[in-house]
Amino acid sequence: MMKRKQWFIIGVFLLMIIGIFGFFLKNNYKLNKFGNTNSTSMESIKEYILNLESYEAEIEVEVHSNKNQNQYKMKQTYKAPNVSYQEILQPDNIKGLTTKYDGKNLSIENTKLHLSKIYEDYPYATENNLWLSGFIKEYKNNQNATLKEKENEVILETTVENTDKKQCFVKTLYIDKKTAKPTKLTIEDKNQKMLIYILYNEIKIKSSR
C-alpha cells in the first residue's frame, strides 16, 4: 500500500512538471525564438515587427517644440488593420482622456469631465506619429528604409518627406535583439533635432511571423 501511494505521488509530481513545462513552452515561444542573439538575424526580427497583428503598450512620450517640452504617459492598444485605443495616464490635468477607433469612427472621451466627441468615417486615427503601427506602415512604403545592427539592438529607420511643407523627418525604431521588442521610437527633423521621443516601458506583441 505504501509503495502504491509513493508511485501515485511520483506520478502526480511528473504530471505537474509536464504541465508546467508545456505552459512555459506555450507562453514563451516568442521569447525563446529571439532569445539567442547568435542565431537570430536582423531580417527575422524585422519581419517579426513588420508583420505586427496587435500590441499593448505603456509608453512615455516627450514632445519637443521651439518653446517647450511636454511629457506624457499613455496606454495604447492596437489590432490590425486599424482598431486602436489610447488612454492618457499622465499628466493629471488630462488624465483619463481616451481615443477609440473601431476602424471607421473615432471617439474622444474625457471621463473626468464627462465629455465625448465622435468623428464618423475618420480614416487617419492610427496614422499619427505616436503609433508603432504608423511607423511600420511608413517603413513598408519607403524603398529607401534602412536596417542595421548596433550592439544589442536592431534599428529600423525611415525618412518621411512632406513635399507640401518642404519638411523631412527621420523616424527610428530601436528593437532589443534578445526579446524582439521595441524599446524606443524617435522622430527627428533633417537637422537631427529631436521632435518626438517615445519610450516603451512595457509592450506585448502578437505577430504573424
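Along the sequence shown, residues are numbered consecutively beginning with 1.
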Here the gap from M194 atom CE to T186 atom OG1, rounded to the nearest 0.5 Å, amounts to 5.0 Å
Tracing side-chain contacts under 4.5 Å among Ile, Leu, Val, Met, Phe, Trp and Tyr outward from V160 reaches none
What one should report as the nearest heavy-atom pair of P182 and I203 is O-CG2, 3.9 Å
Is Q192 atom CD crowded by more than 12 heavy atoms from other residues, nucleotides or ligands, each under 6.0 Å away?
no
Closest non-hydrogen atoms of K171 and F135, given as atom of the first, atom of the second and distance, are O-CE1, 3.5 Å
*Report yes or no: does Q76 contribute a side-chain atom to a donor-acceptor pair with the main-chain N or O of L130 at less than 3.5 Å?*
yes
- Group every Ile, Leu, Val, Met, Phe, Trp and Tyr by side-chain heavy-atom contacts under 4.5 Å, then state whether I187 and Y72 land in the same group. yes
Shortest non-hydrogen pair, I205 vs L52, comes out as CG2-CD1, 3.5 Å
Margin query: Pair K137, W131 - check side chain to side chain contact (heavy atoms under 4.5 Å, CB included), show working.
Written below: CA-CA 10 Å; K137 182 178 180 179; W131 288 94; over 6 Å; no
Check: Is it true that a side-chain atom of Y55 and a backbone atom of L132 form a donor plus acceptor pair closer than 3.5 Å?
Finding: yes
| Does the side chain of H64 come within less than 4.5 Å of K193's, by heavy atoms? | no
Identify all side-chain donor-acceptor contacts of residues 91-100 below 3.5 Å with residues at least two apart in sequence or on another chain.
none

Tracing side-chain contacts under 4.5 Å among Ile, Leu, Val, Met, Phe, Trp and Tyr outward from I155 reaches Y174
Closest heavy-atom pair, Y48 versus R209, reported as atoms and distance to 0.1 Å, is CD1-O, 3.4 Å
Interatomic distance, CG@L147 vs OG1@T158, rounded to 0.5 Å, equals 12.0 Å
Exercise. Does the side chain of L195 reach to within under 4.5 Å of the side chain of N129, using non-hydrogen atoms?
Worked result: no
Looking only at heavy atoms, the pair that brings S54 and K79 closest together is CB-CA, 4.1 Å
Rounded to the nearest 0.5 Å, the CD atom of E161 sits from the CG atom of N142 at a distance of 8.5 Å
Could you walk me through whether I175 and L156 pass the side chain to side chain contact (heavy atoms under 4.5 Å, CB included) check? CA-CA 8 Å; I175 305 164; L156 278 60; 3.7 Å; yes
Q. Mind checking whether L173 and I196 sit in one hydrophobic cluster, side chains of I, L, V, M, F, W, Y counted as touching below 4.5 Å?
A. yes
Distance col, row E157:CD vs T146:OG1, nearest 0.5 angstrom, shows 4.5 Å
Q. Applying the 4.5 Å side-chain criterion to the ILVMFWY set and letting contacts propagate, would I49 and V170 be lumped into a single cluster?
A. no
NZ of K117 to CG of L106, rounded to nearest 0.5 Å, is 11.0 Å
Minimal heavy-atom distance between D189 and N191, with the atoms involved, is OD1-N, 2.9 Å
Rounded to the nearest 0.5 Å, the NZ atom of K75 sits from the OH atom of Y85 at a distance of 6.5 Å
Above 12 or not: heavy atoms from other molecules or residues under 6.0 Å from NZ of K140? yes
(message) Donor-acceptor check, side chain of Y200 to backbone of E202, threshold 3.5 angstrom: yes or no?
(response) no
message = Less than 3.5 Å apart, any donor N or O on the side chain of T77 or E56 sitting next to an acceptor on the other?
response = no
Are L199 and Y78 linked, directly or through intermediate hydrophobic residues, by side-chain heavy-atom contacts shorter than 4.5 Å (ILVMFWY only)? no
